[in-house]
Amino acid sequence: MRKIVLAFLLATQMLYAQLDKNVEVEVVGRPSWQMMIPMQEEGLVFLVKSDVTKAMVFRFDKDLNKIWEKEVFLDAEDPPKAYTIADDHISLMFSETSGMYYQVFEFDLSTGEVDQDGFELRDFFVDQDYVFLGDKVVMAGSNEKGAAFFIHDFKNDLGALKEQGDITGKVSVNLFEYLPESNIIESLWAVKTTGYANEKKKKGEFVKDAYIVHALLDTAGNVISKTNIRQSGGKFPIDARLVRLDGDKKLVVGTYQSNAGDKGIYAFDLNGEQQLKTYSFSSVLSGRQSLSVEDLQALMTSYQFMANQPVKGNGSVFFGGTFIKAQFQTVTENDPNYSYSPYSRGYNRYSPYYSNRNSRTTTRQVFRGYHYPLGFVLELTENGDLIQSNRIDINNVSFQVEPALAFNERGAVAYCLKGDLATNNFAIGNKPMLYKLSEDNRTNLAPSSLSAIPAYNGVKYWYDNYFIAEGARSKVEAVSVSDDLLKEQQAKKRKGLFGRKKESTPSTNAQVRKIIYLTKVASGG
């Protein structure tokens with residue numbers, strides 16, 4: 001009887017989790033960044049910074065069939081902070097890390113045809129988000145006073161900075177979205193007001209207050225209406241995300257922090273009670289095995305919580321995310337600058353062989369990746385009351401900051417688990433289904449070898465009950481070299497410590513290719 005029950009559970013899980021399709025994108029070199037933009041049932045756009053001056057842009061449909069591929073010249077080093085999809089086009093804006101020059105690309109989603117433009121911004125302004133409105137872009141950010149906007153008109157090549165006097169302090173833009181049906185911009189701002197222990201000398205800065213502003217704006221940046229979401233019981237909201245529900249209802253969710261060190265999740269019903277409802281991390285991280293006091297303390301002090309975008313379910317809201325911390329390791333190695341000579345034992349400091357080094361080794365900090373110990377998913381009512389919480393133990397390490405966990409509108413969860421992709425539906429059971437890109441055991445491999453083993457490093461909610469996962473591996477391949485070049489390399493000599501000549505090792509002629517995997521997975525209930 002037990003075997004029959006187990007077989008039934010396994011068959012049921014197979015019904016609710018399946019890998020639909022996996023495709024590969026191959027890029028020569030070591031891309032500095034990549035970015036996946038899911039567009040619901042319209043498919044997705046995938047960007048890769050393939051070279052110092054180039055980027056590749058791919059468009060896939062919802063079945064992961066490639067529609068087009070483009071290469072563009074890109075001077076910027078960082079990915080775009082936001083994008084706008086409208087009228088069968090996607091607009092992306094890139095900014096130089098030094099200077100205030102912006103590159104703008106508008107791709108036709110059907111054909112891949114691209115229009116390129118650019119402009120300069122000379123005012124003091126920190127851009128954080130933006131929307132494209134026809135022939136102009138409205139950038140949201142901050143200056144020394146608080147919220148500000150920079151509006152550039154491409155048609156007339158004119159730009160103007162506009163301060164927003166209603167939202168002052170240190171601000172971060174958490175939402176900036178144009179709603180075409182009402183011709184307004186909906187926004188969320190995280191605001192901090194600061195003070196000084198020594199006000200006269202402006203020393204000893206501290207945060208006096210932290211709150212969220214939900215504001216509706218016109219396309220010129222003027223406030224139409226706003227709602228302040230403030231602390232309750234000493235629990236200050238520090239960031240915010242919005243989920244739109246049926247009947248024009250809206251729920252704001254995010255994280256809070258108290259002066260006593262308590263941290264957790266809050267929910268705020270914009271249309272109803274307008275009351276801050278809070279749930280501490282310690283209360284939502286309960287699981288089959290309780291976390292120790294030390295583990296909870298480490299999460300609160302050493303890790304950051306990376307939240308996902310909330311998802312509207314069937315009469316409920318799902319919200320959660322993962323904890324993340326950059327890991328470093330102290331490495332001891334031979335000092336390449338240490339020189340030894342039998343003549344260095346004397347006290348002649350003017351000897352060319354004298355060295356005052358006391359050790360032949362040096363130590364340094366080496367980056368070992370981002371650690372994702374665990375995450376959780378909450379199910380809330382549309383008013384923000386907690387229905388249930390589920391903790392997901394991950395213990396994953398990735399060299400990229402990517403969402404390691406995602407959840408869909410039915411409450412199913414997908415997450416990266418030590419290089420594999422796991423899916424779970426808690427309505428069925430706690431045991432996840434695993435998808436592998438490789439059968440190699442990563443446990444005993446050196447960190448330097450991990451990049452060559454295919455592994456999943458990120459997953460996002462796509463549409464309906466579908467997830468889209470990213471994976472990658474590096475491949476080194478030899479490159480043919482002409483006989484003349486090879487002779488030239490072998491003819492190079494270098495002088496040794498005492499003037500003797502020594503054959504140099506021919507340089508390695510190889511190139512690196514990065515294979516990127518995109519996997520569509522269905523999981524639901």
Side-chain angles (χ1 to χ4, degrees), residues 23-39 44-60 66 69-85 90-107 112 114 116 118 126-130 173 304 306-309 322 324-327 367-372 396-406 416 419 437 447 450-452 454-460 462 468-476 511-519:
V23 299
E24 298 180 10
V25 176
E26 187 169 310
V27 181
V28 176
R30 292 183 173 91
S32 56
W33 57 261
Q34 58 198 57
M35 181 178 180
M36 181 167 57
I37 304 175
M39 302 185 298
L44 64 89
V45 170
F46 188 71
L47 298 92
V48 184
K49 185 68 188 304
S50 54
D51 189 75
V52 176
T53 59
K54 296 176 183 177
M56 300 295 298
V57 184
F58 303 85
R59 165 80 198 284
F60 295 90
K66 187 170 70 174
E69 170 186 337
K70 291 288 183 180
E71 183 179 67
V72 295
F73 288 97
L74 179 62
D75 294 331
E77 297 178 10
D78 297 325
K81 296 178 182 177
Y83 54 88
T84 296
I85 300 174
I90 182 169
S91 302
L92 303 133
M93 187 163 66
F94 300 83
S95 60
E96 290 183 344
T97 52
S98 59
M100 296 295 286
Y101 181 75
Y102 293 83
Q103 278 185 283
V104 178
F105 296 90
E106 185 182 57
F107 292 91
V114 57
Q116 184 176 346
V126 180
D127 65 291
Q128 300 180 42
D129 207 337
Y130 47 82
V173 184
Q304 290 185 321
M306 187 167 67
N308 289 54
Q309 183 64 25
T322 51
I324 179 176
K325 182 180 77 169
Q327 286 189 330
F367 177 62
R368 290 304 188 197
Y370 297 97
H371 183 221
Y372 299 82
N396 193 53
V397 176
S398 173
F399 284 90
Q400 299 179 29
V401 179
E402 293 285 352
L405 178 149
C416 298
L437 282 172
L450 291 177
S451 64
Y456 285 107
N457 51 46
V459 61
K460 290 184 178 182
W462 194 353
I468 181 72
E470 277 184 83
R473 75 177 178 94
S474 297
K475 180 174 67 174
V476 180
Q511 69 178 10
V512 178
R513 290 181 180 270
K514 185 173 184 180
I515 313 298
I516 301 169
Y517 303 90
L518 301 177
T519 305

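Note that the structure is predicted; figures quoted are calculated from it, not measured.
The two atoms that bring R513 and V28 nearest to each other are NH1-CG2, 3.2 Å, heavy atoms only. For the pair K460 and A406, the tightest heavy-atom approach, listed with the atom from each and the gap, is C-CB, 3.7 Å. Nearest approach of N308 to L405, heavy atoms of both residues: ND2-O, 2.6 Å. When all heavy atoms of S398 and N457 are compared, the closest pair comes out as OG-CB, 3.5 Å. Here the shortest heavy-atom pairing between G458 and E402 reads CA-CB, 3.9 Å. Scanning all heavy atoms of the two residues, the minimum distance from G369 to V397 falls at CA-CG1, 4.1 Å.
Residues satisfying the ring pair (Phe, Tyr, Trp, His ring centres under 6.0 Å) criterion with F60, sequence neighbours excluded, are absent altogether. Residues forming a ring pair (Phe, Tyr, Trp, His ring centres under 6.0 Å) with F107 (at least two apart in sequence, or on another chain): W68.
Rounding to the nearest 0.5 Å places OG of S95 at 10.5 Å from CD of E77. Atom CG of D127 and atom NZ of K81 lie 4.0 Å apart (nearest 0.5 Å). In this structure, CZ in R59 is found 9.0 Å from CD1 in I90, a value given to the nearest 0.5 Å. To the nearest 0.5 Å, the span separating OG1 on T519 from CG on L437 amounts to 5.5 Å.
Considering only heavy atoms from C-beta on, M56 stays 4.5 Å or farther from V25 through its side chain. For the pair F58 and L518, the minimum side-chain heavy-atom distance is 4.5 Å or more. Using a 4.5 Å heavy-atom threshold, the side chains of Y130 and S91 count as separate. V114 has its side chain out of reach of K70: every pair of non-hydrogen atoms, C-beta onward, lies at least 4.5 Å apart. Proximity of L92 to I37: side-chain heavy atoms (C-beta onward) are separated by under 4.5 Å at one or more points. Within the 4.5 Å cutoff, no side-chain heavy atoms of V57 are placed close to those of F105. Looking at heavy atoms from C-beta onward, Y83 lies out of side-chain contact with V45 at the 4.5 angstrom threshold. Here the side chains of P80 and M35 are in contact, with some heavy-atom distance below 4.5 Å.
The local environment of CD in Q304 is sparse, with at most 12 non-hydrogen atoms from other residues, nucleotides or ligands closer than 6.0 Å.
When atom types are taken as modelled, the side chain of K49 and the backbone of A76 share a donor-acceptor pair closer than 3.5 angstrom. Listed for the W33 side chain is no donor-acceptor partner under 3.5 Å among the backbone atoms of L47.
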How far apart are the C-alpha atoms of R473 and Y517, what are their side-chain angles, what is the distance that settles it, and do they pass the side chain to side chain contact (heavy atoms under 4.5 Å, CB included) test?
-> CA-CA 9 Å; R473 75 177 178 94; Y517 303 90; 3.0 Å; yes
Can you list the steps and then say if D75 with Y101 is a side-chain hydrogen bond (donor to acceptor under 3.5 Å, both in side chains)?
-> CA-CA 10 Å; D75 294 331; Y101 181 75; over 6 Å; no
What's the verdict on side-chain hydrogen bond (donor to acceptor under 3.5 Å, both in side chains) for E470 and Q34, showing C-alpha distance, side-chain angles and the deciding distance?
-> CA-CA 10 Å; E470 277 184 83; Q34 58 198 57; 2.7 Å; yes
In sequence, state the C-alpha distance, the side-chain angles, and the governing distance for Q116 and V72, and then conclude on side chain to side chain contact (heavy atoms under 4.5 Å, CB included).
-> CA-CA 10 Å; Q116 184 176 346; V72 295; 5.7 Å; no
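Ring-plane geometry between F367 and F399 is classed as perpendicular, the angle between the planes exceeding 60 degrees on a 0 to 90 degree scale with a lower cut at 30.
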